Amino acid sequence: MDMSELIDPFARLIEDVCTPAAIREIEQGGDSSAMWNAFVESGFLDALVAEESGGAGLSLNDAAPLIALLGRHAVPLPVGDTMIARALLAAAGVEAPEGPIAIATGAGAVPFAAVASHILSGTADAPVLIAAKIEATGVPHDVDAHVAGLNGAALRPIAAVLRAQLISGAAGRVMEMTVAYANERVQFGKPIGKQQAVQQQLSVLAEQAVAARIAAAIGARSGLQPKPADAAIAKHGASLAAGQVAAIAHAVHGAIGISEEYDLQLLTRRLHGWRLADGSESYWAGLLGELRLAAAASPTADFIRGA
């Protein structure tokens, strides 16, 4: 299958229904049903469900560009979570609910759980689904993981890969916005993007955006039950990049970047939220260290190639 046949329609769908105004409305407590129904009617929620169960049968690697688009446009609903949840539920022979599903792994706040109808935890082979319970964290539409009282640690690797994909999409968009702003903002008679110091920062920003994309791709390669090392590399690399991308973008934009009416903050807030969700870079660095120590007899080069 030519993936552009899926990517292009999905991109148009998001651009049509997920405008900055729509994001703000939903984050402020507005009705999200119209946006959600658009995703339901598109059929993309079953992209990862096996064909014999009525889905498109895409691998996670194939669907990765779709998930990155959700991050690129800061979609304020757990669409990526639901795509993964529906695939896991179908494989386990459990009928998925109609509403949005958020994945809770017990590490940090659960992104978008406050606009989800259900929370998924348990394991990939035995997923557990309960009605969502809401307790605000101060981040729009996130809830504390402990509120659900569930054990979803076994889902942490796939959730981490999901957040890495979202980060990669958002980081690419933030880079584009920042470069465009630097080339348009004139100070002292020329665009600030012509200043050597700003150019150096933009080069680091571009480097980190690419690093996030590469890390996310490593995570997606082993499917819906990713290898621990793949998940660790993906989330560690993407989370590291998220912090630097957001910091440089705001440094280049200055005060306008944090203003409510400017769209940059819609993305950078999500970068920080996804960076911390399901284990930050420190958590996944620790896991990588444990894996390396467990293979102490192998040369480091072999460990890296094996990972």
Side-chain angles (χ1 to χ4, degrees), residues 1-18 32-103 111-112 115-120 122-129 155 157-170 172 213 216-227 230-231 234 274 278:
M1 177 187 293
D2 182 356
M3 284 304 297
S4 65
E5 296 178 4
L6 292 176
I7 296 171
D8 293 344
F10 196 59
R12 288 194 296 270
L13 166 67
I14 296 175
E15 289 169 359
D16 287 344
V17 302
C18 189
S32 62
S33 60
M35 185 182 296
W36 178 253
N37 289 336
F39 284 107
V40 173
E41 294 167 4
S42 72
F44 280 102
L45 295 180
D46 289 326
L48 293 168
V49 174
E51 291 184 16
E52 56 267 27
S53 298
L58 296 184
S59 68
L60 184 59
N61 196 50
D62 288 336
L66 305 178
I67 297 173
L69 280 170
L70 299 171
R72 177 179 176 82
H73 294 278
V75 175
L77 297 171
V79 177
D81 293 60
T82 303
M83 290 168 67
I84 290 171
R86 289 177 73 92
L88 296 179
L89 290 167
V94 179
E95 184 176 355
E98 294 183 0
I101 305 169
I103 299 174
F112 306 124
V115 287
S117 63
H118 291 78
I119 303 291
L120 187 80
T123 68
D125 295 325
V128 176
L129 197 66
L155 295 179
I158 184 57
V161 172
L162 167 63
R163 308 306 166 206
Q165 291 293 343
L166 293 170
I167 287 171
S168 73
R213 188 166 70 247
I218 290 172
R221 66 186 179 184
S222 53
L224 291 173
Q225 297 192 45
K227 298 176 183 177
D230 285 353
W274 294 327
D278 308 302

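Here the structure is a predicted model, which is why all the values come from computation and not from measurement. Position 1 is the first residue of the sequence; numbering continues from there.
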Quiz item: With a cut-off of 6.0 Å (strictly less than), are more than 12 heavy atoms of other residues, nucleotides or ligands near CD of E15?
Solution: yes
Self-check item: Non-hydrogen atoms of P127 and A92 that approach each other most closely
Solution: CD-CB, 3.6 Å
Practice problem: Can you see which heavy atom on G80 is nearest to which on L70, and at what distance? | Solution: N-CD1, 3.4 Å
Practice problem: Measure the spacing between CZ of F39 and CE of M83 and express it to the nearest 0.5 Å. | Solution: 9.5 Å
Quiz item: Could you give the distance from CG (L162) to CG (D278), rounded to the nearest 0.5 Å?
Solution: 7.5 Å
Quiz prompt | Atom pair CG (L13) and CG (L69), whose distance is rounded to the nearest 0.5 Å | solution = 10.0 Å
Quiz item: Can you find a heavy atom in the side chain of L88 that is under 4.5 Å from one in the side chain of L155?
Solution: yes
Self-check item: Value rounded to 0.5 Å, distance of CE in M35 from CG in L77
Solution: 6.0 Å
Self-check item: Check against side-chain contact (heavy atoms from CB on, under 4.5 Å), T123 and V128
Solution: CA-CA 7 Å; T123 68; V128 176; over 6 Å; no
Quiz item: If you look at every heavy atom in A38 and V17, which pair is closest and at what distance?
Solution: CB-CG1, 3.8 Å
Self-check item: Considering all heavy atoms, the nearest I67-L166 contact
Solution: O-CD2, 3.5 Å
Quiz item: Are D230 and V161 side-chain neighbours, meaning at least one heavy-atom pair lies under 4.5 Å?
Solution: no
Quiz item: Does T82 use its side chain to pair, donor to acceptor, with the backbone of P100 at less than 3.5 Å?
Solution: no
Quiz prompt | I158/Q225 under side-chain contact (heavy atoms from CB on, under 4.5 Å): CA gap, chis, key distance, verdict | solution = CA-CA 6 Å; I158 184 57; Q225 297 192 45; over 6 Å; no
Practice problem: Kindly indicate, with the supporting measurements, whether the criterion side-chain contact (heavy atoms from CB on, under 4.5 Å) is fulfilled by L120 and D81. | Solution: CA-CA 9 Å; L120 187 80; D81 293 60; over 6 Å; no
Quiz item: Roughly how far apart are I218 CD1 and K227 NZ, rounded to 0.5 Å?
Solution: 12.0 Å
Quiz prompt | Polar side-chain atom of N37 near backbone of S33 as donor-acceptor pair, under 3.5 Å | solution = yes
Quiz item: Partners of R72 by salt bridge (charged side-chain N to carboxylate O under 4.0 Å, His left out), sequence neighbours excluded?
Solution: E176
Practice problem: Looking only at non-hydrogen atoms, find the nearest pair between H73 and C18 and report the distance. | Solution: O-SG, 3.5 Å
Practice problem: Go through the steps to decide whether V79 and I14 satisfy the test side-chain contact (heavy atoms from CB on, under 4.5 Å), and finish with yes or no. | Solution: CA-CA 11 Å; V79 177; I14 296 175; over 6 Å; no
Side chains of residues 44-54: which donor-acceptor partners sit under 3.5 Å, not counting sequence neighbours?
residue, atom, partner, partner atom, Å
D46, OD1, R86, NE, 2.7
D46, OD1, R86, NH2, 3.3
D46, OD2, R86, NH2, 3.4

Quiz prompt | Minimal non-hydrogen separation, A160 against A231, with atom names | solution = CB-O, 4.4 Å
Self-check item: From CD1 (I101) to CD1 (I119), nearest 0.5 Å
Solution: 9.5 Å
